[in-house]
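These notes concern the structure reproduced below.
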Amino acid sequence: MDFEYDAKTEDYRKRLLAFMDEYVYPAEASFHTDGWEPPAILASLKEAAKEAGLWNLFLPGEHGAGLTNLQYAPLAEITGRSPAVAPAALNCAAPDTGNMEVLAEFGTPEQQERWLKPLLAGEIRSAFAMTEPQVASSDATNIGTRIERDGDDYVINGRKFYITGAMNPNCRIFIVMGKTDPDAARHVQQSQILVPRDTPGLTVKRGMTVMGYTDGDHGGHAELIFENVRVPAANLIGVEGGGFAISQARLGPGRIHHCMRLIGMAERALELMCTRALARTTFGKTLAEQGVIQDWIAESRVRIEQARLLVLKAAWLMDTVGNRGAHTEIQAIKIVVPSAVEWILDKAIQTHGAAGLSQDTPLAGLWASARMLRLADGPDEVHKRSLAHRELKRYRSGS
């Protein structure tokens, strides 16, 4: 690995840092909504991002900015300093990023024209409907939602929850994961299909909270009911039985994007911790002079540097040997990074005292996000189980 950012990355970093100072940080105080509509200020932020050439940075190839994973990593880290505002402003927010990647790689020309094109333009939002309340959805083979062929259509029945972004009225399309053939081999039972929001039988029932937060500014996390939802067979993504493979292709970039942004969240937390420690006095000394605070600050810096290096290695491997070749490192960052950042945020909150729990700093919301990401895209334990199996396989085979 070459640890120096290339000229293209440095140019983007310089422009993005300026954009954060000029547009993103000033917008944080007003970036909220009482319902599910996107904050009013978002439209002007998106226009500013387009004018600055900071649009669709996440997506390689002809549809996006053409950046590699290694080039995008430091940019995603910068947006992670303001995770509610910056990714949405740059059209780099989940779950749209993963959905655009799926449509770009697996969508038909007709699907790309109808759904990918407006998503790339930031005209609509989307959601990925996989998790279900009745089963352990971290194992996609457990999914119970049925997608059954009926003539020229598919009919969908099932219940989903924690479907991110689905409460947003601009969320116009759902990519739904379900079973087309329960009797097939475990990993070819599932398929993915496009379901427009206004399809009869689809009910967006309620928004779920995350640690008490609605996440309303980006559309929350909804419970969905599918009751005899009928869509054309042409809405199937890829082939019948290809849903599990598509989900694995989608999760690689999705997981690393989350981890990239988490590094930025940790950097901001450490910055707030140091500022608070220098400004606050207790027992005759500033917090910065207290040994325990110094220990937290030092540990935070070490954990950030370790996490960043592992994320960059994973990004580099994805670029050089592909997502499959980077499988171990992708799982490793999913295990390590949210936990490390959660620890740093906890210490930053502690340094702020009661203020750290309040709406007066971003720390409480950032902590909830980091804690959530230890479950999103699979719980820690599932990744550890898979990683251990891969490690043990080397010894079982004698290699």
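We use all heavy atoms of the structure for the numbers below, so side chains are in, but hydrogens, waters and symmetry mates are not.
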Distance-only donor-acceptor hits, side chain of residues 41-50, under 3.5 Å, sequence neighbours excluded:
residue	atom	partner	partner atom	Å
S44	OG	I41	O	2.9
K46	NZ	G122	O	2.7
K50	NZ	A121	O	3.1

Please tabulate, one pair per line, all N/O donor-acceptor pairs under 3.5 Å involving side-chain atoms of residues 341-354, not counting sequence neighbours.
residue	atom	partner	partner atom	Å
E342	OE1	R374	NH1	3.0
T351	OG1	K347	O	2.8
H352	ND1	A348	O	2.8

Less than 3.5 Å apart, which donor and acceptor atoms pair up between the side chains of residues 87-95 and the rest of the protein, not counting sequence neighbours?
residue	atom	partner	partner atom	Å
N91	ND2	N56	OD1	2.8
N91	ND2	L119	O	2.9
N91	ND2	L120	O	3.3

Pair T214, W36 - check side chain to side chain contact (heavy atoms under 4.5 Å, CB included), show working.
CA-CA 9 Å; T214 66; W36 305 107; 4.0 Å; yes

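Between the side chain of D217 and the backbone N or O of T33 there is no donor-acceptor pair closer than 3.5 Å. Although no hydrogens or angles enter the test, the distance criterion places no donor-acceptor pair under 3.5 Å between the side chain of N168 and the main chain of R125. Although no hydrogens or angles enter the test, the distance criterion places no donor-acceptor pair under 3.5 Å between the side chain of E223 and the main chain of F161. For E77 (side chain) and G264 (main-chain N/O), no donor-acceptor pair under 3.5 Å exists by modelled atom type. For the pair S191 (side chain) and G241 (backbone), a donor-acceptor distance under 3.5 Å is present. Formation of a donor-acceptor pair under 3.5 Å by the Q189 side chain with backbone atoms of P182 is found in this model. Between the side chain of Q112 and the main chain of L103, a donor-acceptor pair closer than 3.5 Å is present. Of the possible polar contacts, one joining the K334 side chain to the L373 backbone as a donor-acceptor pair under 3.5 Å is found. With hydrogens and angles ignored, the 3.5 Å screen pairs a side-chain donor or acceptor of S369 with a backbone N or O of G365. In this structure a side-chain-to-backbone donor-acceptor pair under 3.5 Å is present from R15 to A52.
Shown here is D21, whose CG atom has more than 12 heavy atoms of other residues, nucleotides or ligands within 6.0 Å. Annotation: R385, atom CZ; neighbour count of heavy atoms from other residues, nucleotides and ligands within 6.0 Å does not exceed 12. The local environment of CZ in R324 is sparse, with at most 12 non-hydrogen atoms from other residues, nucleotides or ligands closer than 6.0 Å.
If you check the side chains of T145 and E132, you find a donor sitting under 3.5 Å from an acceptor.
Every residue was checked against the side-chain hydrogen bond (donor to acceptor under 3.5 Å, both in side chains) condition with R197, not counting sequence neighbours, and none meets it. Residues satisfying the ring pair (Phe, Tyr, Trp, His ring centres under 6.0 Å) test with H258, not counting sequence neighbours, are none. Residues passing the side-chain contact (heavy atoms from CB on, under 4.5 Å) test with A73, sequence neighbours excluded: M260, L312. With sequence neighbours left out, the side-chain hydrogen bond (donor to acceptor under 3.5 Å, both in side chains) criterion links E271 to R81. Residues passing the side-chain contact (heavy atoms from CB on, under 4.5 Å) test with P196 are R114, W115, I173, D198, T199, V231, N235, sequence neighbours excluded. Shown here are the side-chain hydrogen bond (donor to acceptor under 3.5 Å, both in side chains) partners of N142, two or more places apart in sequence or in another chain: there are none. Judged as a ring pair (Phe, Tyr, Trp, His ring centres under 6.0 Å), and not counting sequence neighbours, H32 has no contacts. Under the ring pair (Phe, Tyr, Trp, His ring centres under 6.0 Å) criterion, Y23 pairs with F19, sequence neighbours left out.
Residue I193 is not grouped with residue V239 when hydrophobic side chains (ILVMFWY) are merged at heavy-atom distances under 4.5 angstrom, including chains of intermediate members. I175 and V155 are not part of a single hydrophobic cluster, where members link through side-chain heavy atoms under 4.5 Å apart. Hydrophobic cluster membership is shared by L17 and L54, with clusters built from Ile, Leu, Val, Met, Phe, Trp and Tyr side chains linked at under 4.5 angstrom. Under a hydrophobic-cluster definition in which Ile, Leu, Val, Met, Phe, Trp and Tyr are linked whenever side-chain heavy atoms come within less than 4.5 Å, directly or via other members, Y12 and V24 are assigned to the same cluster.
In this structure, F128 and Q192 have side chains that are in contact, with non-hydrogen atoms separated by less than 4.5 Å. Between L16 and T79, some side-chain heavy-atom pair lies under the 4.5 Å cut-off. In this structure, V204 and M167 have side chains that are in contact, with non-hydrogen atoms separated by less than 4.5 Å. Side-chain contact between D319 and Q71 is absent, with no heavy-atom pair separated by less than 4.5 Å. Contact annotation: the side chain of L224 approaches that of F174 to within less than 4.5 Å [non-hydrogen atoms, C-beta and beyond]. Using a 4.5 Å heavy-atom cutoff, the side chains of I143 and S137 are in contact. At least one side-chain heavy atom of L272 sits under 4.5 Å from a side-chain heavy atom of P362. The shortest distance between side-chain heavy atoms of W316 and D2 does not fall below 4.5 Å.
The two residues S82 and E28 have their closest heavy-atom pair at OG-OE2, 2.6 Å. Nearest approach of T9 to P74, heavy atoms of both residues: CG2-CG, 3.5 Å. Summarising the geometry of L366 relative to P83, their closest heavy-atom pair is CD2-CG, 3.4 Å, with the distance given to 0.1 Å. Residues M130 and A140 share a closest heavy-atom pair of SD-CB, 4.4 Å.
At a threshold of 4.0 Å, the pair R230-D150 counts as salt-bridged, since one of the basic side-chain nitrogens sits closer than that to a carboxylate oxygen. Under 4.0 Å is where a charged nitrogen must lie from a carboxylate oxygen, and between E305 and R301 at least one such pair does. Using a 4.0 Å cut-off between charged nitrogen and carboxylate oxygen, E10 and R13 count as a salt-bridge pair.
Of the inter-residue distances, the one linking L67 atom CG with F58 atom CZ reads 11.0 Å to the nearest 0.5 angstrom.
Residue pairs meeting the side-chain hydrogen bond (donor to acceptor under 3.5 Å, both in side chains) criterion with at least one partner in residues 281-299, sequence neighbours excluded, are T286-E289, E299-R303.
Taking the six-membered ring for Trp and thresholds of 30 and 60 degrees, H221 and Y162 have ring planes inclined between 30 and 60 degrees apart.
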